[in-house]
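Here's the structure, in structure tokens; my notes come after.
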Amino acid sequence: MNSDEKAKRLRGLQEKVNLIFREIDCIELLERAIKEDPETIIQKIIDSGLRGRGGAGFPAGLKWKGAKEAAGGIKYVVCNADEGEPGTFKDRRILDEQTDKVITGMAICAHAVNATEGSIYLRGEYNFLLSKLSAKCNTWNTIFKDKGLVFKVGVKSGSGAYVCGEETALFESMEGKRGEPRNKPPFPVIAGYMDEPTVINNVETLAYAAMIIADGPESFKAIGTKDSMGGKVFSISGDASVKGIFELPLGMNLQEFVDLFGDDDTKAVQVGGSSGVCVPRKNFADTIIGFEGVPTGGSMMLFNSTRSMYHVLENYLEFFEEESCGQCTPCRAGCQQLLKGIEAVRSGEKPLSYIEKLRDLAQVMSVASKCGLGQSLVNPFNSITRYFREEICY
Amino acid sequence: METITLTINDIAVEIDKGATILDAAKKIGIRIPTLCHHDDLCAAGNCRVCVVEQKGARTLQASCVVPAAEGMQIYTNSRKVREARKTVIELLLSEHAGECTSCYKSGNCELQGLAQEYLACGDAFIDISDKSPIDISSPSIIKDDSKCIRCLRCVRTCAELQGVSALWSTHKGNKTKVETFLNKPMHYVVCTNCGQCVNRCPTGALTERNYIEEVWRAIDDPEKHVVVQTAPAVRVGLGEALGMGSGGVVTGKMVSALKRLGFDSVLDTDFTADLTIMEEGTELLARLKSALQGRKSATFPMMTSCSPGWIKFIEHEFPSLLDNLSTCKSPQQMFGALAKTYYAEKIGVDPAKMVSVSVMPCTAKKFEANRPEMYSSGFKDVDYVLTTRELAHMIRQAGLNFADLEDGKFDSIMGESTGAAVIFGATGGVMEAALRTAYEIVTGREVPFKNLNIEPVRGMEGVKAAGIKVENVKDEWKFLEGAELKVAVAHGLVNARKVMQEAEKGMSPYHFVEIMACPGGCIGGGGQPIPTSPAIRLKRAEAIYEADEALPLRKSHENPEIAAIYREFLGEPLGHKSHELLHTHYTPRNRT
Ligand SMILES: Cc1cc2nc3c(=O)[nH]c(=O)nc-3n(C[C@H](O)[C@H](O)[C@H](O)COP(=O)(O)O)c2cc1C
Ligand code: SF4
């Protein structure tokens, strides 16, 4: 494909979805939505097949249903705008350009689950958005009042740790405590923020929810595949010919993706940021971007043959060594061991076979860690050490 | 109560809803190893040693926090579980400076036990233990971060049981640590030295500062006359540390052991516990007299001052209420002051050549002995404080077969005591002892409780309150006729805080309050055998009350040696000599 063909094809794909950044009348949507009964709204979200866009991919409709059915005094809706995953930068743009849509999504959710308070947990580094978002929240709070929706939304600024994006650590942080993941169960829909039933969704999930109510579940379902319905906003970085933020259908295979975004020398794509898997060139054609293949919160990092995968892995491990919250053993000590371990193998202090021990360790971390952070390290570690072994030990 | 049924290793178990998988396993006799879990503390789910496999679940479950659910199929000993546990233990070992051959906690270290059980390898992974210097600033507690495995039992203890939060989890990732405020040395923070964290540390990261070598040196020095006193709670704890199970009273064996170790005089803190009652009871009556006769103002509630952890707590947290404290020194310090004056004179020993050692269930006593006020004999009143654990250690070093020792008798004088003194060891005991004496002084009759057992102030309730009506009083106490003496007892500093907050607002309804820093009182002290748990403390408390009932004399004022010391040396309670030797003052401190 030459660059014109690429551009054309890319435009075609984007037009196929075109939900997140399409302008709509949010006030009109809200009016319409709050006239529908909550069950109908939830059913539409379930029917649409929308799964969480923050990474874990939990079905959004079921989450809402759980919160609706949960007993509780006050219920909350929290928008997770912590966006800490390395290589992910799409929530920032969605929030900035489509604030109304995100807040409308929260309000629809509130109506559906009978929540009365909402919060946007904003990544500390995005504080430049704070005043704008606060002003928007005020405007919307007035609108809610006018329209008779008992709901108030506000913004909370995060304080920097990656782990605070994990939903229960986020609640702890919002409550003014040390940002550490909680033991689950109970899950947030039963006991979340302030131990009350809480729906927590990613920025993008909420924006899609609004669009699903606007357009109906059918058109959303029509995009993507059986297991990965709808579109997805990707953050594309690294050795890419085109970089930035693109909304595309889910379910493409990596070869198609690399054909569009690669630089003709792509040797690996890290799908889903530092906690995702690394896919080598030989697997591109067989790898679907979506929940049936490699899921992603949006981050797609492309690496070409000039890159050392040792350094890529080392970089991720340095990140995790610091960003583990430090409370559970497998993750706190495990992250350090993985990093120290590959360094020791590289320097010859440990034999090559030590890599196998580290891979076993990563496996144990994936089943014994308390939260998704420690559990997902196995993804980059075991994929990179498997496919790029010769770059790790030589 | 709703119950649920699950299977563990294919054995069906029915258990109350809300119970954890760990509880369910325990119910059918399956032991799941734990580290961060502790019966006294909130569940953390951090160490991941207790993981089990749940059929159908992708991840392993931390059995100490995951509630048992209907139909769950749990496997506690599958290959996946064993491998994960072993790896977790090996990771902990990599964070832990393994000095098992020389570590003070060796033999009573939960990590060591687990490593042995799982045949874990100490150098499976690269050493990542913390390299900061050992904190030896405190006379009571040593903090060695290189042995810390971040289970946070100490942090939870300090926050949940004591409400002090001198220790906190700080930083994240590879820098995660247990630190004091701004990582200042332990001696310079709000730490009360209570040692509850030491009691719950599974490794050697937090230990008492031990003075075993110093004491041996004194014993070995032929020039020195070494006097030892033993606190009430030691006699119901020592056996535990020497493999005899919890709850027995081993007073006689303890005395024999001390004599065999080579102490020159083996005496009893219980003697000065009785003395404390005389002084403190008189102080209370004096305060009541000034208040009720309206001549002078008096501060209420009066609060006990036997527990040095509690003293440091109030100095930091409620410095404006220091006047509420009884001015009485603790029994340990009364003893120290008398040992190098009264006792030295009686037995004709030069106090300069006397070394005074105490055996305490307490780590804060080590700090207390070092307070600048504690030199009223002209020397350091108490030279070395050993915990129950240190004494057990010395007994083992000496090769004594403790369980087989004959029962010995305390030396005289300052070796005689009453049941009232023994119960100082349990929460409510000082109150009960004080009431037994004060009521009788005022009315001429015994306290109106069956068998002298003042049940309302006993037991493990955090704050206990009681009232006792004073009627038909003796002539000289007429002003007390018909009054109701209101008392309260709190143990554990979170409970102390509750009582203090009331007092701070001027809303305290009490005349007299007993406060002990440690849960359960001294029987649960920071120097007592490890482990501790509510069940263990209950057994120790039962033993204390047994010991009380077994004694012929159960009221402090009936102790003949007490009568003698007033007659021959002190004069009268609160008299001039008492003030000089037995009373003290306190120091306001700040909160950092
Ligand atoms: C370590 C860690 C970091 C996370 N960071 C984020 C984040 O920055 N943004 C986000 O939306 N979800 C993040 N998540 C996922 C959330 O825990 C949660 O699943 C998500 O907010 C749910 O929303 P969704 O269902 O709409 O995706 C993170 C999870 C983990 C384990
Ligand atoms: S897995 Fe890591 S980030 Fe998650 S709770 Fe454990 S230490 Fe914290």
Side-chain angles (χ1 to χ4, degrees), chain A residues 159-164 169 177-186 190 317-345 349-350 354 357-358 360-376 378, chain B residues 20 35-36 42-54 57-67 69 80-96 111 121 123-129 149-152 155 168-178:
Chain A
S159 31
Y162 166 66
V163 75
C164 289
K177 303 183 197 140
R178 195 179 148 81
E180 281 179 349
R182 299 175 181 167
N183 292 303
K184 290 188 239 180
I190 303 296
L317 293 174
E318 279 168 355
F319 174 78
F320 284 120
E321 179 192 56
E322 247 181 63
E323 293 300 336
S324 157
C325 81
Q327 66 171 319
C328 77
T329 313
C331 173
R332 177 189 64 250
C335 290
Q336 296 175 67
Q337 290 300 345
L338 293 180
L339 174 60
K340 290 230 159 36
I342 62 164
E343 287 170 350
V345 170
E349 282 164 62
K350 289 276 182 193
Y354 193 63
K357 183 158 183 76
L358 296 177
D360 291 343
L361 168 60
Q363 202 61 50
V364 167
M365 289 167 70
S366 78
V367 293
S369 294
K370 191 179 211 168
C371 86
L373 192 155
Q375 288 166 10
S376 58
V378 69
Chain B
T20 61
L35 252 184
C36 68
C42 79
N46 283 349
C47 73
R48 319 305 282 182
V49 165
C50 71
V51 288
V52 295
E53 189 167 352
Q54 181 189 350
R58 183 183 63 83
T59 56
L60 299 175
Q61 308 295 312
S63 59
C64 71
V65 286
V66 175
K80 195 168 164 187
V81 167
R82 278 197 310 273
E83 277 173 1
R85 276 191 201 148
K86 184 172 176 183
T87 303
V88 167
I89 294 163
E90 287 177 338
L91 287 172
L92 290 170
L93 292 173
S94 78
E95 285 189 306
H96 175 87
L111 181 62
C121 185
D123 55 3
F125 296 109
I126 296 166
D127 172 25
I128 51 169
S129 61
I149 55 168
R150 282 79 163 172
C151 67
L152 305 189
V155 169
W168 203 250
S169 162
T170 62
H171 310 288
K172 63 180 170 34
N174 54 344
K175 303 217 168 54
T176 308
K177 266 188 82 166
V178 170

| remark: Nearest heavy-atom contact between B:Arg58 and A:Ser366 is NH1-O, 3.5 Å

| task | Could you pull out the closest heavy-atom pair between B:Pro67 and A:Pro185, with the gap in Å? | result | CD-CG, 3.7 Å

| said: We want to know whether B:Thr59 and A:Gln375 form a side-chain donor-acceptor pair, criterion being a heavy-atom distance below 3.5 angstrom. | reply: no

| field | A:Gln336-B:Asn174 side chain donor-acceptor pair, cut-off 3.5 Å | value | no

| field | chain A contact via B:Lys80 - side chain, backbone, both or neither, heavy atoms under 4.5 Å | value | side chain

| Can you check side-chain contact (heavy atoms from CB on, under 4.5 Å) on B:Leu91 and A:Leu361, steps first, answer last? | CA-CA 9 Å; B:Leu91 287 172; A:Leu361 168 60; 3.7 Å; yes

| message | Do B:Arg85 and A:Val364 have side chains that approach each other closer than 4.5 Å (heavy atoms only, starting at C-beta)? | response | no

| query | With side chains defined as the heavy atoms from C-beta onward, is the minimum distance between B:Val66 and A:Asn183 less than 4.5 Å? | reply | no

Check each atom of [X] against the heavy atoms of chain B and say whether the ones under 4.5 Å are side chain, backbone, both or neither.
| X | answer |
| --- | --- |
| A:Gln337 | side chain |
| A:Phe320 | neither |
| A:Glu180 | side chain |
| A:Val367 | both |
| A:Cys325 | backbone |

| request: Kindly indicate, with the supporting measurements, whether the criterion side-chain contact (heavy atoms from CB on, under 4.5 Å) is fulfilled by B:Glu83 and A:Gln363. | output: CA-CA 10 Å; B:Glu83 277 173 1; A:Gln363 202 61 50; over 6 Å; no

| remark: Per-residue tally against chain B (heavy atom, under 4.5 Å) across A:Ala344, A:Gly334, A:Cys328 peaks at A:Cys328

